[in-house]
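Structure first, then comments.
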Amino acid sequence: MPTNAEAADQLREIADLLDVTGERFKPEAYRRAARSVESLTEPLAAVAGRGGLREIPGVGEAIAEKLTEFLATGRIPYLDRLHAEIPSGLLALMRLPGLGPKTARRFWLELGIEGPAELGDAIAAGRLVGVAGFGPKKIEQIRGALAAAPTARTGHRFPIEEVYPIARSIVDALVAGAPTERVELAGSFRRCRETVGDLDVLVTSDAAERVFDVFSALPEVHEIRMRGPTKETVVMRNGLQVDLRVVEPAAFGAALQYFTGSKDHNVRLRTIARDAGLKINEYGVFRGEERVAGATEADVYERMGVPWIPPELREDGHEIDAARAGTLPDPVAARDLVGDLHLHLPPLADGATIARIGADAHRRGIADLGVVVDGPPDADGPAAAPDELRRFLRDDRSTRWHLAAEATPDTVRSPVADVEYLILRPGRAPAAPSVVPDRPVPVRLVAHVGPDPIAARPWIDLARSIDAAIEVGPGPERLDSTGARAALAVGGTLSVPTGVGLPERDPLGPVALGFARRAGATAARVTNARPWPNGRPAARPHR
DNA sequence: GCCGTTTTCGGCCCGACTGTTTTCAGTCG
């Protein structure tokens, strides 16, 4: 059975081929459907099985039919026909930076060039010289793109946890070293998408040139791709593209809204503006020539008659209708988190380490910390905390510490005696948990499940059935926002790692929180936003 | 090809930047 990602790839392939044919709106329609298919929380076949394809945003009669064919046969005849008409090498040309569908089409129809190799030969033979629209710089640019092609990662998206420290360091550098008033990150990073294609940075400044100078001198910057009066684009050492824009203060909110997206969210907002006789763009909300909002994002939404929407929820546009109807969830916020169920400590952690983590928790208003004491790497089953470590935990006055142990369904029957609760994780068997463990101590958390919402499904269901939370966050061992949404949909509860005790730029806490928010989790659905069960009443830490 | 809280037809964003240009086309986001 094909995966959702494979189905989305097929739709994108159709979109790219239609681009070459010069179609105006169909390519975007296919791409929108592809985005929707990709973010489904259940297999496409299951959606199709209950007749739900047409409910997928962007999927209408024609695309639903193609998806049905794909599920049944693994092929889409329409795509096969397109492939038969259009040389596939043209797609490779189109994907080279600086080349698009128009140019690829011209190469094909005017010069008979059907792929990168032929284009290289044509340039070497001087066949592009004198062709209208191809001056020396353009030819050189194409030659460079062809040379870089084998290593180019166009369209590559970076995991947000990889981008997070880079993004923070850019902001810190611009705040500290450049003549800026406001500095904000926008784009899919601000929406806390799981992956980020490029990073958008917005600043206000009356000295754009100096801001660009500071920015492009950062050690992580690999090359400057372009620089104009208001915008500079660079590529970082790891290949991440970063766009820096300087905007005037009166337009800052509009620009932040516009560049945060998503695309579909903005399309919906523009429709609302048009219907209200307004115009919205990155410079503001306009009635005729007059700008009626733009300085803050709140003004922009208010002027549109739409409640402000948290960035993490700005996706397919339906959130706007939900917000207007008052049914948009109020997502969990950092201030809601009063505990953390899942820290790890080495068995030889000392008093200074405990005190440092406790102080960080105290500063952030986190009163209860559940810790797992890690045993030797090959130990079978949960480790016990050494007496000295237990003394440190008991003596720390800033935080209430709780001992937990990780267990698999195989080992859950033999937990150590001194733990307060268990953290269940998949065992060696890759398949679904076959037993609901008996519980000498309660299982409060299911963790290390992984981001694939389909593989995670049995664990989501298990967590729900034993009234345990399931952990959300970045990386290969946690649910992402799609998985978290699936968990919430079946009535489950999330646990959101806080990153307490970790370095300042560590992505775990902020990204985990962002994923929970994207999933639409309210504080009521987050276990560590609630008082610790059976917790002793204690003085609340100050914030 | 999709969509609709004025629409089942007629829209679907548009500005910055680059390279090529005598005023604009293509790409990108």
Side-chain angles (χ1 to χ4, degrees), chain A residues 11 14-15 18-19 21-36 53-67 78 93-107 128-142 145 154-155 186-188 196-202 208 224-233 241-247 251 254-255 257-284 286 305-306 316-318 320-322 324-325:
Chain A
L11 296 178
I14 291 174
L18 288 172
D19 258 338
T21 69
E23 281 281 357
R24 290 260 288 148
F25 298 104
K26 288 185 189 181
E28 247 337 281
Y30 278 94
R31 289 194 183 99
R32 173 163 151 71
R35 288 197 295 275
S36 290
L53 287 179
R54 295 286 300 273
E55 289 159 23
I56 300 171
V59 175
E61 188 181 347
I63 294 182
E65 190 183 319
K66 292 176 178 71
L67 288 174
Y78 179 62
L93 290 181
M94 212 176 85
R95 288 164 187 160
L96 292 172
L99 291 191
K102 298 267 174 58
T103 312
R105 185 176 166 81
R106 280 194 63 197
F107 283 146
L128 256 55
V129 178
V131 177
F134 293 95
K137 282 190 177 178
K138 190 76 193 172
I139 293 174
E140 198 44 51
Q141 182 194 25
I142 294 170
T154 53
S188 52
V196 174
D198 55 30
L199 194 60
D200 294 291
V201 188
L202 299 180
I224 299 174
R225 189 158 279 178
M226 66 164 80
R227 185 197 278 208
T230 64
K231 177 186 170 187
E232 180 173 46
T233 297
Q241 180 175 310
V242 185
D243 295 336
L244 175 63
R245 290 180 168 85
V246 177
V247 303
Q257 194 289 316
Y258 179 88
F259 289 110
T260 296
S262 71
K263 199 181 182 106
D264 294 332
H265 179 89
N266 287 355
V267 166
R268 181 82 188 102
L269 215 52
R270 273 194 299 273
T271 306
I272 290 170
R274 193 190 58 207
D275 292 351
L278 299 167
K279 191 177 80 144
I280 182 170
N281 58 29
E282 64 262 54
Y283 300 106
F286 295 86
V306 176
D316 65 11
H318 290 302
I320 295 176
D321 303 303
R324 294 172 109 184

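Chain letters run A, B, ... following the sequence lines, proteins first and then strands; every chain starts at 1.
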So what does [X] touch, heavy atoms closer than 4.0 Å: a base, only the sugar-phosphate, or nothing?
X	value
A:Asp321	nothing
A:Arg227	sugar-phosphate
A:Glu23	nothing

### Candidate nucleotides B:dA16, B:dG1, B:dC12, ranked by approach to the side chain of A:Arg274 - the nearest
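For A:Arg274, the side-chain atoms sit closest to B:dC12.
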
What distance, rounded to whole Å, do you find between the two [atom1] atoms, one in [N] and one in [M]?
N	M	atom1	value
B:dT23	B:dG19	C1'	14 Å
B:dT21	B:dG29	P	25 Å
B:dC12	B:dC17	C1'	24 Å
B:dG15	B:dG10	C1'	24 Å
B:dC9	B:dC14	P	25 Å
B:dT20	B:dG26	P	14 Å
B:dT6	B:dG11	C1'	15 Å
B:dC3	B:dT8	C1'	9 Å

Starting at [atom1] of [X], measure out to [atom2] of [Y] and round the result to the nearest 0.5 Å.
X	Y	atom1	atom2	answer
A:Phe107	A:Leu128	CZ	CG	5.0 Å
A:Ile272	A:Arg324	CD1	CZ	4.0 Å
A:Gln141	A:Ile139	CD	CD1	11.0 Å
A:Thr233	A:Leu199	OG1	CG	11.5 Å
A:Thr103	A:Met94	OG1	CE	10.5 Å

Show the nearest heavy-atom pair for residues [X] and [Y], with the distance to one decimal.
X	Y	answer
A:Ala251	A:Tyr283	CB-O, 3.6 Å
A:Ile63	A:Ala29	CD1-O, 4.1 Å
A:Ala33	A:Val59	CB-CG2, 4.0 Å

### Task
Provide the Watson-Crick or G-U wobble partner of B:dC2, both distances under 3.5 Å; none if there is no partner.
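B:dC2 is paired, partner B:dG11.
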
### Message
Pick the closest DNA chain B nucleotide for A:Met226 and for A:Thr271 by heavy atoms, then say which residue is nearer the 5' end.
### Response
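The residue whose closest nucleotide sits nearer the 5' end is A:Thr271.
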
### Task
Report the residue (A:Ala64 or A:Glu232) whose heavy-atom-nearest nucleotide on DNA chain B is the more 5′ of the two.
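Taking each residue's closest nucleotide, the earlier one in sequence belongs to A:Ala64.
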
In whole angstroms, how far is the [atom2] atom of [N] from the [atom1] atom of [X]?
X	N	atom1	atom2	result
A:Asp316	B:dG4	CG	P	11 Å
A:Gln257	B:dC13	CD	C1'	12 Å
A:Arg270	B:dG4	CZ	P	16 Å
A:Arg32	B:dC3	CZ	P	6 Å
A:Arg225	B:dG19	CZ	C1'	16 Å
A:Ile224	B:dC17	CD1	P	14 Å
A:Ile320	B:dT5	CD1	C1'	14 Å
A:Glu28	B:dG11	CD	C1'	15 Å

### Query
Is the shortest side-chain N/O distance from A:Lys66 to OP1 or OP2 of B:dG1 below 4.0 Å?
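Looking at the OP1 and OP2 atoms of B:dG1, one of them is under 4.0 Å from a side-chain N or O of A:Lys66.
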
### Query
Would you say A:Thr230 reaches B:dC17's phosphate, i.e. side-chain N/O to OP1/OP2 under 4.0 Å?
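Affirmative; the distance criterion is met.
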
### Query
What string of B, S and - do you get for nucleotides 20-29 of chain B, 5' to 3', when a contact is any protein heavy atom under 4.0 Å?
S-----SSSB

### Message
Check whether A:Asp19 reaches the backbone of A:Gly22 with its side chain - one donor and one acceptor, N or O, closer than 3.5 Å.
### Response
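No, A:Asp19 side chain to A:Gly22 backbone: no donor-acceptor pair under 3.5 Å.
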
### Query
Which glycosidic conformation, syn or anti, is assigned to B:dT7 if syn requires a torsion within 90° of zero?
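This nucleotide is in syn.
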
